[in-house]
Amino acid sequence: MSTTLAAPHAAPGPAAVHVARARVDAVDLLRGLVMVLMLLDHTRDFVDLRAWLFDPADLSRTTPALFLTRWVTHFCAPVFVFLAGTGAYLQRARGKPKGELSRFLLTRGLWLVVVEFTLVKVGFTFNLDWSFLGIFQVIWVIGVSMVVLAALVHLPTAAVAAFGVAMIALHNAFDGVRVAPGPDASALDQLWIFLHQQGPVTVLGLPAMVIYPLVPWIGVMAAGYALGAVYTWDAERRRRFLVRLGLALTAGFVLLRLTNLYGDPSPWGPQKDALFTVLSVLDTTKYPPSLLFLMMTLGPALLFLAWAEPREPGWLGEKLVTFGRVPLFFYLLQWPAANGIGLVANWAAGQPTAWHFQNVPERFGSPPAGAGFDLWVVYALWLLGVLLLYPLCRWFAGVKRRRRDWWLGYL
């Protein structure tokens, strides 16, 4: 989805064209960067089998390198969801009527929910058994958030911003509301799991797992939509705003986190040494994302946008911009790429491979003995995955640039 924005009622001159291109590069550069980091996280899932034994953020079992490998990928989902909202606003700013934008968000959102339990599930498991429906992950969250945004776009942008910020800021007040998941859970209990608590659910009589509850992700997309309005401002005003907001969120994270007063259900505390104490401060809650988790990730993301806009992306940046212009296409490819690379690596090393084809419930617990590699292998195979996906993404970005077929908007 292009984010180019020309000045209305006037043909853009050289300076306007440069600003518009800078905006495309800044947004797509950030989106491409976090998607490449997403591939790192998912490559780790299939190559370093500690992923199936314990949480890399578990300070009692992790190493600093493993923790930071996981932590840096925390930027992926918030930026991915946030910029999806920004992209929606930019469609409106380019002249798409609200009614048309609303219909597109509604239909694309519903389509993404279907994609989560078909293409994503198969790419993740290499398995066609739907006795386990699947995992409610980031694509389902984006889909439902788009459905909600389809209604919100009819409100003033300030109201959409207030809605998003309020959901992000206030949802941790309900952290103490917990329900007991399980086959006997009531409909209201299951609804709460979908809204604000990780856990198993039953859908159409089939078991499934909610990893990404909807709150506050809906608010993140709404806030991203409101931020799109700053891309109608002149470049200098926009950059000042991004810097100030990014610094405020980042500094606010530090101050609020150190007090342990509010914003995350898991307080930090002294650890066995200074380094692990710092990691404890960074170890905020992702499922669902706490206020502090979102301040920690979106604050630096806004600073990155401000930093990137006046700069040419360079050779590496151009490659990341290419990924950022085809986000869903990349996402759908990166699951089978990560699983396939792990499968080939395990096969080549004479390690067990059958688990690559298991459904999700069978995968959790103890991975097969003798499978998996050290962390440096994860990084090597991640880079291989990036190299393999780049030509495909460059081709599809070219298709989207040359053609205006309606269905391309859904990919």
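Sequential numbering from 1 along the given sequence is applied to the chain's residues.
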Report task. Applying side-chain contact (heavy atoms from CB on, under 4.5 Å), run through Thr73 and Met38 and close with a yes or a no. Result -> CA-CA 6 Å; Thr73 65; Met38 186 186 304; over 6 Å; no
Report task. Would you check if Phe124 and Asn339 make a side-chain contact, meaning some heavy-atom pair closer than 4.5 Å? Result -> no
Query raised in the report: Is it true that Trp268 and Phe276 have ring centroids separated by less than 6.0 Å?
Result: no
Report task. May I ask you to check whether Tyr212 and Trp140 place their ring centers less than 6.0 Å from one another? Result -> no
Requested in this report: Please name the pair of heavy atoms, one in Leu149 and one in Ala88, separated by the smallest distance, quoted to 0.1 Å.
Outcome: CD2-CB, 3.9 Å
**Report entry** Thr285 and Asp264 side chains, donor-acceptor separation under 3.5 Å
**Finding:** yes
Requested in this report: Hey, could you give me the CD/CG distance between Gln334 and Leu40, rounded to the nearest 0.5 Å?
Outcome: 11.0 Å
Query - Any donor-acceptor N/O pair, Thr202 side chain to Gly205 backbone, under 3.5 Å - result: no
**Report entry** Sole residue of Phe396, Phe323, Phe330, Trp395 in ring pair (Phe, Tyr, Trp, His ring centres under 6.0 Å) with Tyr390
**Finding:** Phe323
Requested in this report: Could you tell me which residues satisfy side chain to side chain donor-acceptor pair (under 3.5 Å) with Asp45, sequence neighbours excluded, listed by chain and number?
Outcome: none
Report summary line: Applying side chain to side chain donor-acceptor pair (under 3.5 Å) to Asp55 and not counting sequence neighbours gives none
Report summary line: Of all heavy-atom pairs linking Trp71 and Leu282, the shortest is NE1-O, 3.5 Å
Query raised in the report: If you take all heavy atoms of Pro78 and Val220, which pair is closest and at what distance?
Result: O-CG1, 3.9 Å
Query raised in the report: Can any side-chain N or O of Thr284 pair as donor or acceptor with the backbone N or O of Leu292 at less than 3.5 Å?
Result: no
Requested in this report: Determine yes or no for a side-chain-to-main-chain donor-acceptor pair under 3.5 angstrom, with Arg61 supplying the side chain and Ala57 the backbone.
Outcome: no
Query - Phe136-Phe117 aromatic ring centre distance below 6.0 Å - result: yes
**Report entry** Trace of the side-chain contact (heavy atoms from CB on, under 4.5 Å) decision for Gln197 with Val179
**Finding:** CA-CA 8 Å; Gln197 178 181 323; Val179 300; 3.6 Å; yes
Query raised in the report: Between Leu298 and Val79, which heavy-atom pair has the shortest distance, and what is it?
Result: CD2-N, 4.2 Å
Report task. Evaluate the side-chain proximity of Met209 to Phe132: yes if any heavy-atom separation is below 4.5 Å, no if none is. Result -> yes
Query - Sequence-distant partners of Tyr89, side chain to side chain donor-acceptor pair (under 3.5 Å), two or more places apart - result: none
Query raised in the report: Side-chain contact, heavy-atom cut-off 4.5 Å: Leu227 with Leu302?
Result: yes
Query - Any donor-acceptor N/O pair, Thr86 side chain to Tyr225 backbone, under 3.5 Å - result: no
Query - Phe126: ring-ring contact (aromatic ring centres under 6.0 Å, His included) partners, not counting sequence neighbours - result: Phe357
Query raised in the report: Under 3.5 Å, is there a donor-acceptor pair linking the side chains of Thr69 and Tyr379?
Result: yes
Query raised in the report: Using 4.0 Å as the upper bound for N to carboxylate O, is an ion pair formed by Asp25 and Arg325?
Result: yes
Report summary line: Nearest heavy-atom contact between Leu66 and Leu375 is N-CD2, 3.9 Å
Query - Set of side chain to side chain donor-acceptor pair (under 3.5 Å) partners for Tyr410, sequence neighbours left out - result: Thr107
**Report entry** Greater than 12 external heavy atoms within 6.0 Å of Leu204's CG
**Finding:** no
Report task. For Trp111 and Gly143, indicate whether the former's side chain and the latter's backbone hold a donor-acceptor pair under 3.5 Å. Result -> no
Requested in this report: Begin with the C-alpha distance, continue with both residues' side-chain angles, and end with the deciding distance and a verdict on side-chain contact (heavy atoms from CB on, under 4.5 Å) for Val210 and Gln198.
Outcome: CA-CA 5 Å; Val210 175; Gln198 264 193 333; 5.8 Å; no
Query - Side-chain donor or acceptor of Arg108 paired with backbone N/O of Met146 under 3.5 Å - result: no
Report task. Using atom types as modelled and distance alone, determine if a side-chain donor or acceptor of Thr62 lies under 3.5 Å from a backbone N or O of Asp58. Result -> no
Requested in this report: Could you note down all residue pairs passing ring-ring contact (aromatic ring centres under 6.0 Å, His included) where residues 142-185 supplies at least one of them, sequence neighbours left out?
Outcome: His171-His196
Requested in this report: Under the side-chain contact (heavy atoms from CB on, under 4.5 Å) rule, what do Val203 and Phe194 come out as? Steps first, then yes or no, please.
Outcome: CA-CA 11 Å; Val203 180; Phe194 278 113; 3.9 Å; yes
Report summary line: Taking every heavy atom of Pro64 against every heavy atom of Leu275, the minimum-distance pair comes out as CG-CD2, 3.6 Å
**Report entry** Heavy-atom side-chain contact between Asp48 and Phe373 under 4.5 Å
**Finding:** no
Query raised in the report: Within 45° of the ring axis of Trp233 and under 6.0 Å from its six-membered ring centre, is that where the NZ or CZ of Arg237 lies?
Result: yes
